[in-house]
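A short write-up of the structure that comes next.
Only heavy atoms go into these numbers, but all of them, side chains included; no hydrogens, no water, no symmetry mates. Each chain gets a letter, A, B and so on, in the order its sequence line appears, and its residues count up from 1.
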Amino acid sequence: MARRETEPPEQETLRRWEREQAQLKANVIEEDTEEWQKDSTFAGLERVGGVDLSYVKGNDTVACASLVVLSYPELEVLYEDCQMVTVSAPYLAGYLAFREVPFLVEAAQRLQEREPGLRPQVLLVDGNGVLHHRAGFGVACHLGVLTGLPCIGVAKNLLQVDGLAKDEQHKGQIRDLQMGGDVFPLRGTSGRVLGMALRSYNKSTKPIYVSVGHRTCLESAVRLVQSCCRYRIPEPIRQVRRQGQLGGEDPSLSWETWPVREGVTGICE
DNA sequence: GCGACAG
DNA sequence: ATCTTGTCGC
């Protein structure tokens with residue numbers, strides 16, 4: 001019988017993870033490093049990626065690790081990959097990367113082997129970048145440093161760190177977002193702007209929370225995310241989540257048949 | 001004991 | 001994250 005629940009981490013494991021975050025943090029680049037980022041229309045940007053893990057209902061350990069690459073600015077799917085995996089680390093706020101990043105790195109490596117020409121020029125990651133506890137090193141930074149790719153963190157909920165809270169002031173700022181593209185900065189008690197709340201399109205009242213992962217500044221990160229939004233969730237993440245949920249539900253994919261799943265893994269024409 | 005809690 | 005019905009607005 002397959003394991004259905006992850007083990008809670010030992011204190012020692014947490015300390016090790018914190019040391020690892022602090023060490024990798026030194027490699028984060030919170031500035032634009034690509035030519036296309038400097039252009040107001042992102043001229044030269046052709047491929048935007050999205051990564052995600054979606055979980056199978058009722059099981060803490062089985063997940064579908066997915067990666068998609070979309071064309072830019074058309075936002076059409078060029079590549080999609082979905083791989084069933086067994087997760088061992090539990091979900092703990094602040095340590096999400098240790099649960100998900102290993103499988104996302106593998107997905108990026110598969111892409112590099114299969115279709116190096118489709119390597120995304122920037123990756124949107126479900127979760128936060130520098131908007132994070134302690135070291136300020138969320139999953140988007142972690143994945144960025146390990147892959148070397150520019151990464152942007154996109155969270156659907158506010159991670160309440162450094163004094164940030166869903167208080168009345170925050171709710172008022174949300175009410176003041178009038179239309180798609182409106183933003184307000186997320187300034188922590190430390191005075192530092194950790195990210196931006198973005199009303200990603202006109203119909204959605206609830207913002208998304210954008211933060212720097214790697215090789216981008218916050219301004220171009222927000223601008224890029226907004227340019228990828230047809231709905232509240234930016235298209236690369238929306239597409240990769242759809243892909244992952246299909247993988248998790250696919251009845252042809254029994255416990256015995258993975259890790260291979262034909263018809264889902266591979267290049268889309 | 002109470003609140004917080006990305007995915 | 002995932003479980004789930006109806007409901008409100010355009």
Checklist entry - For the pair made of CG in A:L104 and C1' in C:dA1, what is the distance, rounded to whole Å? => result 14 Å
Item to check | A:I174-A:V154 co-clustered via ILVMFWY side chain contacts under 4.5 Å | outcome: no
Next on the checklist: Could you check whether any side-chain N or O of A:S66 sits under 3.5 Å from a backbone N or O of A:C82, counting only pairs where one atom can act as donor and the other as acceptor?
Outcome noted: no
Checklist outcome for this item: By nearest-heavy-atom nucleotide on DNA chain C, the more 5' of A:R241 and A:K203 is A:R241
Checklist entry - Taking DNA chain B as the partner, which of residues 171-200 of chain A come within under 4.0 angstrom of it by heavy atom? => result none
Item to check | A:Q37 side chain vs A:R215 backbone, donor-acceptor pair below 3.5 Å | outcome: yes
Item to check | For atom OH of A:Y209 and atom P of B:dA6, their distance in whole Å | outcome: 12 Å
Item to check | Gap between atoms CG and C1', on A:D52 and C:dA1 respectively (whole Å) | outcome: 9 Å
Next on the checklist: Donor-acceptor pair, distance only, cut-off 3.5 Å: does the side chain of A:R232 make one with the backbone of A:S204?
Outcome noted: no
Next on the checklist: As a quick check of understanding, evaluate side-chain contact (heavy atoms from CB on, under 4.5 Å) for A:C141 and A:V130, giving each step before the final call.
Outcome noted: CA-CA 7 Å; A:C141 300; A:V130 301; 3.8 Å; yes
Checklist entry - Reckon A:Y95 touches a base, only the sugar-phosphate, or nothing at all at heavy-atom distances under 4.0 Å? => result base
Checklist outcome for this item: For A:P185 and A:V193, the nearest pair of non-hydrogen atoms, with its separation, is CB-CG1, 4.0 Å
Item to check | Value in whole Å for how far the C1' atom of B:dA4 lies from CG of A:D162 | outcome: 15 Å
Next on the checklist: Over 60° means perpendicular and under 30° means parallel, so tell me whether A:Y209 and A:H170 are parallel, tilted or perpendicular.
Outcome noted: parallel
Next on the checklist: Please check this pair: side chain of A:D39 against backbone of A:W36, looking for a donor-acceptor N/O pair closer than 3.5 Å.
Outcome noted: no
Next on the checklist: Keeping A:Q21 on the side-chain end and A:G94 on the backbone end, is there a donor-acceptor pair under 3.5 Å?
Outcome noted: yes
Checklist entry - How does DNA chain B look in dot-bracket form if you count Watson-Crick and G-U pairs under 3.5 Å, write [ ] for pairs that cross, and put | where a base pairs with another strand? => result .......
Checklist entry - Base, sugar-phosphate, or nothing: which does A:D60 touch, judged by heavy atoms less than 4.0 Å apart? => result nothing
Next on the checklist: Can a donor-acceptor pair be found, under 3.5 Å and without considering hydrogens, that links the side chain of A:H214 to the backbone of A:P150?
Outcome noted: no
Item to check | Consecutive Watson-Crick or G-U pairs in runs of at least 3, all under 3.5 Å, in which DNA chain C is involved | outcome: none
Checklist entry - What is the distance, rounded to the nearest whole Å, between atom CD of A:Q245 and atom P of C:dT2? => result 5 Å
Checklist entry - So does A:K171 pair up with A:E168, basic N to acidic O under 4.0 Å? => result yes
Item to check | A:V161-A:M196 co-clustered via ILVMFWY side chain contacts under 4.5 Å | outcome: no
Checklist entry - Which is true for A:D126 with a 4.0 Å heavy-atom rule: it touches a base, it touches only sugar-phosphate, or it touches nothing? => result sugar-phosphate
Next on the checklist: Contact list please: residues 129-145 of chain A against DNA chain B, heavy atoms, distance less than 4.0 Å, in numerical order.
Outcome noted: A:H132, A:G138, A:V139
Checklist entry - If every non-hydrogen atom of A:V51 is compared with every non-hydrogen atom of A:L104, which pair is closest and at what distance? => result CB-CD2, 3.9 Å
Checklist entry - Of the residues in residues 148-158 of chain A, which ones touch DNA chain B at a heavy-atom distance under 4.0 Å? => result A:A155, A:K156, A:N157
Checklist entry - How close or far is atom C1' of B:dA6 from atom CZ of A:F98, stated in whole angstroms? => result 14 Å
Next on the checklist: Whether A:E12 and A:R15 form a salt bridge (side-chain N of Lys/Arg under 4.0 Å from carboxylate O of Asp/Glu) is what I want to check.
Outcome noted: no
Checklist outcome for this item: The complete set of salt bridge (charged side-chain N to carboxylate O under 4.0 Å, His left out) pairs with one or both residues in residues 40-53 of chain A, sequence neighbours excluded, reads A:D52-A:R241
Item to check | Proximal nucleotide (of B:dA6, B:dG7, C:dT2) relative to the A:L159 side chain | outcome: B:dA6
Item to check | Criterion side-chain contact (heavy atoms from CB on, under 4.5 Å) on A:E115 and A:V69, from CA distance to verdict | outcome: CA-CA 11 Å; A:E115 291 290 335; A:V69 180; over 6 Å; no
Next on the checklist: Between P on C:dT2 and OH on A:Y91, what's the gap in Å once rounded to a whole number?
Outcome noted: 13 Å
Checklist outcome for this item: In whole angstroms, the gap separating P of B:dA6 from CD1 of A:I237 amounts to 15 Å
Checklist entry - Sub-3.5 Å donor-acceptor pair from the side chain of A:H132 to the main-chain atoms of A:F137, do we have one? => result yes
